[in-house]
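Presented below is the structure to which this report refers.
Heavy atoms only: backbone and side chains are in, while hydrogens, waters and symmetry mates are out. Worth saying up front: this structure is predicted, and the values here are computed from it rather than measured.
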Amino acid sequence: MRGRGAAGVLGALSALCAVLLTGCQSPPGPAGADSRGADGLSGGRAASGSAPVAARPSGYGAVFLAFGECSSFGTVGFTEVPCAGERAAARVVAREDGRADDGPPCPDTTDFVLHISEQRPSADEDGDGAVPQGYACMRRLLPPHPGDPGGGGGPRTIVGDCVYDAGGGKVRETACDGTGRRKPQFKVADAVTVRADCPASTGLYVRLGGERPVGCARPL
């Protein structure tokens with residue numbers, strides 16, 4: 001069976017992904033690498049722990065990187081591969097159409113997001129067909145998991161994550177264990193509906209999104 005082509009593949013079906021929010025990244029680095037940005041006392045669901053993919057579907061199913069399917073890590077991009085194969089590195093834990101800005105957020109412990117560009121070739125010589133725009137929420141098959149609480153990465157800020165003051169009214173996530181490029185200054189201890197529900201020990205309000213969008217972060 002053939003792997004599905006990804007960013008960097010030459011040919012008529014190649015395309016570049018749209019750069020979302022803080023920009024495209026390489027495959028996520030080790031846990032502790034700073035990966036998420038936030039603005040104005042916030043740590044929103046910026047998909048900056050994401051990577052671009054130009055999708056070229058083939059033999060693994062009707063949808064490129066559908067739920068439960070796996071991708072490899074490549075030097076110039078990603079391909080879809082059998083999950084039982086030795087090249088499999090991450091699994092799709094959620095798959096949505098359209099732009100990540102407009103669609104549902106990825107699950108909390110997503111390690112990174114692949115943004116898939118739309119392709120509608122005028123000639124389909126090999127039966128690969130068209131690929132709609134979408135995004136795949138990915139979870140590594142093996143540790144480290146930067147999307148875990150305190151891991152310092154992933155597309156979402158969640159309870160248990162740590163952040164530091166990046167200046168200009170912005171905060172960024174970093175590993176709680178201090179292994180990141182910057183030391184943690186605050187830890188998100190609670191998620192609530194409104195700021196008034198945060199405990200008195202809160203030193204920073206972090207935007208989380210979802211049903212409880214306010215993160216109550218305490219100083220470390």
Rounded distance (nearest 0.5 Å) linking atom OH of Y164 with atom NZ of K170: 12.0 Å
Show your working on side chain to side chain contact (heavy atoms under 4.5 Å, CB included) between V214 and D197 and close with a plain yes or no. CA-CA 9 Å; V214 180; D197 292 336; over 6 Å; no
Can you name the closest pair of heavy atoms from G151 and D161 and give their distance? N-OD1, 4.1 Å
Taking side chain as C-beta onward, heavy atoms only, is R212 less than 4.5 Å from V192? no
Return yes if some donor-acceptor pair links the side-chain N/O of E173 with the main-chain N/O of G153 below 3.5 Å, else return no. yes
Are L114 and F73 connected in the hydrophobic side-chain network, where two residues link if heavy atoms are under 4.5 Å apart? yes
Just jot down the side chain to side chain contact (heavy atoms under 4.5 Å, CB included) partners of P143, sequence neighbours excluded, or say none. H145
Distance in Å, R181 CZ paired with R172 CZ, rounded so as to fall on 0.5 Å steps: 9.5 Å
Answer yes if the side chains of R87 and T79 hold a donor-acceptor pair under 3.5 Å, and no otherwise. yes
Any heavy-atom pair between the side chains of V188 and I158 that's under 4.5 Å? no
Rounded to the nearest 0.5 Å, how far does OG1 of T202 lie from CG of D190? 7.0 Å
Looking only at non-hydrogen atoms, find the nearest pair between T174 and G180 and report the distance. OG1-CA, 3.8 Å
Minimum-distance pair of heavy atoms, taken over all atoms of R95 and G134: NH1-CA, 3.8 Å
Distance (rounded to the nearest 0.5 Å) between M138 CE and E69 CD: 9.5 Å
Is it the case that the side chain of K187 and the backbone of R218 share a donor-acceptor pair, with hydrogens and angles ignored and the cut-off at 3.5 Å? no
When you compare the side chain of V206 with that of L208, does any pair of heavy atoms fall below 4.5 Å? yes
SG on C216 to CZ on F186, rounded to 0.5 Å: 13.0 Å
Which atom pair, heavy atoms only, marks the closest approach of P146 to P144? CD-O, 3.4 Å
Taking the side chain as every heavy atom from C-beta outward, state whether F64 and I116 have any pair of such atoms under 4.5 Å apart. yes
Are L204 and V159 connected in the hydrophobic side-chain network, where two residues link if heavy atoms are under 4.5 Å apart? yes
Salt bridge (Lys or Arg N to Asp or Glu O under 4.0 Å) against R139, all qualifying residues, sequence neighbours excluded: D111, D148
Does the pair R91 and C83 meet the rule for a side chain to side chain contact (heavy atoms under 4.5 Å, CB included), with working shown? CA-CA 8 Å; R91 187 185 301 272; C83 290; 3.5 Å; yes
Give the minimum heavy-atom separation between P82 and A88, together with the two atoms involved. O-CB, 3.5 Å
Nearest 0.5 Å please: distance from the CZ atom of R140 over to the OG1 atom of T109. 13.5 Å
When you look at R99 and Q133, which way does the side chain to side chain contact (heavy atoms under 4.5 Å, CB included) test go after all the steps? CA-CA 7 Å; R99 292 170 52 87; Q133 183 182 45; 3.6 Å; yes
Do L65 and S71 come within less than 4.5 Å of each other through their side chains, counting heavy atoms only? yes
Verdict with reasoning, V92 to C137, per side chain to side chain contact (heavy atoms under 4.5 Å, CB included): CA-CA 6 Å; V92 180; C137 308; 6.0 Å; no
On a heavy-atom basis, the closest approach of G167 and D165 is N-OD1, 2.8 Å
